[in-house]
Q: 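Please find one structure pasted underneath; my questions will follow.
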Amino acid sequence: MGKNIKQVEVLAAKSVWPIPKKFVNLLTGQSLVAIDRIGKLLIFSLSDKKNYLLVHLKMTGQLIYAINHKLVAGGHSLSAQSLIGYVGGELPNRSTRVYLIFSDKSHLFFNDQRRFGYLKIVDQASLAVIKAKYGIEPLTPNFTKSNFFLAIKGRTKNIKALLLDQSLISGLGNIYADEALFAAGIRPARRASSLSKAEIERLYGVIEGLIRRAIKARGTTFNNYLDAQGNKGGFVVKLAVYGRSKELCLKCQGPIKKIKVAGRGTHFCPNCQK
DNA sequence: CCTTGTGTTCTCCG
DNA sequence: CCGGAGAACACAAG
């Protein structure tokens with residue numbers, strides 16, 4: 001934080017907004033003064049006190065901070081997860097889409113194998129519009145039981161789609177939606193409007209603990225992901241249903257099923273989840 | 001063919 | 001015809 005951005009290299013035009021020439025002009029000479037987050041969106045405040053650098057990692061995005069091209073920090077430990085991991089080697093590499101060079105010669109690389117993620121520069125007004133689209137978020141003061149009920153009330157879509165809808169509840173992705181529904185004993189395809197008061201309370205009750213444990217375990221990862229301390233993500237070993245199709249349920253020993261709900265791979269226990 | 005998060009587009013309903 | 005909800009599609013690449 002606070003280091004002057006001497007140079008900005010855009011290797012993939014479509015990974016940035018606005019167009020690379022403007023993007024580079026807006027960023028060069030500035031510094032990143034603070035980092036914030038809403039849902040799965042990272043928000044860096046810029047030193048001009050006017051603009052913000054938004055970073056969305058989507059599925060495979062990573063921010064890698066390097067000094068002398070020696071990796072000192074990698075990936076992210078927020079609610080999203082990385083399907084690829086940084087395993088060392090040359091930077092920039094074939095997955096590098098953008099990188100910043102700071103005045104002290106350190107580098108910040110944005111790597112993104114599948115190019116879904118992006119870096120975007122917006123002003124305060126645009127940021128406010130974007131922030132307004134996010135619903136209540138676990139671990140924040142707004143995530144109260146009554147707000148949770150309000151978010152579900154009157155919704156006819158299935159409960160899994162609702163959990164994934166960032167405008168209602170922000171921060172949950174496909175893995176944690178499945179895990180939360182398992183922990184609460186609710187079938188993913190159930191219409192939200194069919195949930196009893198007790199079921200909604202159970203669901204509310206499990207979400208914060210789930211997110212807390214995930215953060216504590218440094219996120220969910222599948223490969224050789226390294227965090228800022230060089231540790232691997234660990235939550236993957238504690239997943240109860242996600243990725244465990246045909247394996248045995250940890251509660252009842254029955255087989256975990258995999259179906260498609262809301263267009264996404266969905267894992268659940270037909271016996272434990274009603 | 002599958003995988004994901006989210007923006008866009010389409011369709012339905014009142 | 002309008003607005004909202006929700007579903008479907010698009011995107012990228014391994």
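Below, chain A is the first sequence line, B the second, and so on; all start at residue 1.
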Q: Determine: side-chain N/O of Lys14(A) to OP1/OP2 of dC11(C), distance under 4.0 Å, yes or no.
A: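 So the side chain of Lys14(A) is outside the cut-off, no N or O lying under 4.0 Å from OP1 or OP2 of dC11(C).
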Q: Please report, rounded to the nearest Å, how far the P atom of dA13(C) is from the CG atom of Asn111(A).
A: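 The distance from CG of Asn111(A) to P of dA13(C) comes to 14 Å, rounded to the nearest Å.
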Q: For each nucleotide in nucleotides 6-14 of chain B, reading 5' to 3', give B when a protein heavy atom comes within less than 4.0 Å of its base, S when such contact involves only the sugar-phosphate, and - otherwise.
A: B--------
Q: Would you check if there is a donor-acceptor pair between the side chains of Tyr134(A) and Ser167(A) at a distance under 3.5 Å?
A: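 No, because no side-chain N or O of Ser167(A) sits under 3.5 Å from a partner of the opposite role on Tyr134(A).
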Q: Please determine if a side-chain N or O atom of Arg115(A) lies less than 4.0 Å away from the OP1 or OP2 oxygen of dC11(C).
A: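 No, Arg115(A) has no side-chain N/O under 4.0 Å of OP1/OP2 on dC11(C).
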Q: Could you state the atom-to-atom distance from CD of Gln113(A) to P of dG5(B) in whole Å?
A: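 For the pair Gln113(A) CD and dG5(B) P, the rounded distance is 16 Å.
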Q: Take the protein atom CH2 of Trp17(A) and the nucleotide atom P of dC11(C), then report the distance between them rounded to whole Å.
A: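 The answer, rounded to whole Å, is 21 Å.
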Q: Compare the minimum distances between each of dC11(C), dT3(B), dG6(C) and the side chain of Tyr242(A), then state the nucleotide with the smallest one.
A: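 Of all the options, the side chain of Tyr242(A) is nearest to dT3(B).
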Q: The side chain of Lys157(A) lies closest to which of these nucleotides: dG5(B), dA12(C), dG6(C)?
A: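 Of all the options, the side chain of Lys157(A) is nearest to dG6(C).
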Q: How many Å lie between CG on Asp112(A) and P on dG5(B), as a whole number?
A: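 Rounded to whole Å, this separation is 13 Å.
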Q: Salt bridge between Asp165(A) and Arg155(A), side-chain N to carboxylate O under 4.0 Å?
A: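 Looking at Asp165(A) and Arg155(A), the cut-off is not met.
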Q: So does Lys3(A) pair up with Asp104(A), basic N to acidic O under 4.0 Å?
A: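 Between Asp104(A) and Lys3(A) there is a salt bridge, with a charged N closer than 4.0 Å to a carboxylate O.
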Q: Does Arg190(A) come within less than 4.0 Å of Glu199(A), counting only side-chain N to carboxylate O?
A: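 Salt bridge present between Arg190(A) and Glu199(A).
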Q: Among all residues two or more places apart in sequence or in another chain, which pass the side chain to side chain contact (heavy atoms under 4.5 Å, CB included) test with Arg264(A)?
A: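 Checked Arg264(A) against side chain to side chain contact (heavy atoms under 4.5 Å, CB included); matches are Lys160(A), Leu164(A), Asn174(A).
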Q: Check whether any side-chain N or O of Thr60(A) sits under 4.0 Å from OP1 or OP2 of dA13(C), and answer yes or no.
A: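 For dA13(C), neither OP1 nor OP2 has a side-chain N or O of Thr60(A) closer than 4.0 Å.
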Q: Between Arg155(A) (CZ) and dA7(C) (P), how many Å, whole number?
A: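 Spelled out: CZ on Arg155(A) to P on dA7(C) is 11 Å.
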Q: Want to settle it: does Gly154(A) or Arg94(A) sit nearer the 5' end of DNA chain C, counting the closest nucleotide to each?
A: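 It is Gly154(A), whose closest nucleotide lies nearer the 5' terminus.
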Q: Are Lys160(A) and dG6(C) close enough that a side-chain N or O sits under 4.0 Å from OP1 or OP2?
A: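 No, Lys160(A) has no side-chain N/O under 4.0 Å of OP1/OP2 on dG6(C).
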Q: Within this structure, what is the CZ-to-C1' distance between Phe116(A) and dT3(B), rounded to whole angstrom?
A: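 Taking CZ of Phe116(A) and C1' of dT3(B), I get 9 Å after rounding.
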Q: Answer yes if the side chains of Glu179(A) and Tyr242(A) hold a donor-acceptor pair under 3.5 Å, and no otherwise.
A: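 Their side chains do not contain a donor-acceptor pair, so the 3.5 Å distance test is not met.
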Q: Ignoring hydrogens and angles, state whether a donor on the side chain of Glu137(A) or Ser170(A) is under 3.5 Å from an acceptor on the partner side chain.
A: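 Per modelled atom types, Glu137(A) and Ser170(A) side chains form a pair under 3.5 Å.
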Q: In whole Å, I'd like the distance from the CG atom of Leu168(A) to the C1' atom of dG4(C).
A: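 Checked: the CG to C1' distance equals 13 Å.
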Q: Between dT3(B) atom P and Lys260(A) atom NZ, what is the distance in whole Å?
A: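 Checked: the NZ to P distance equals 4 Å.
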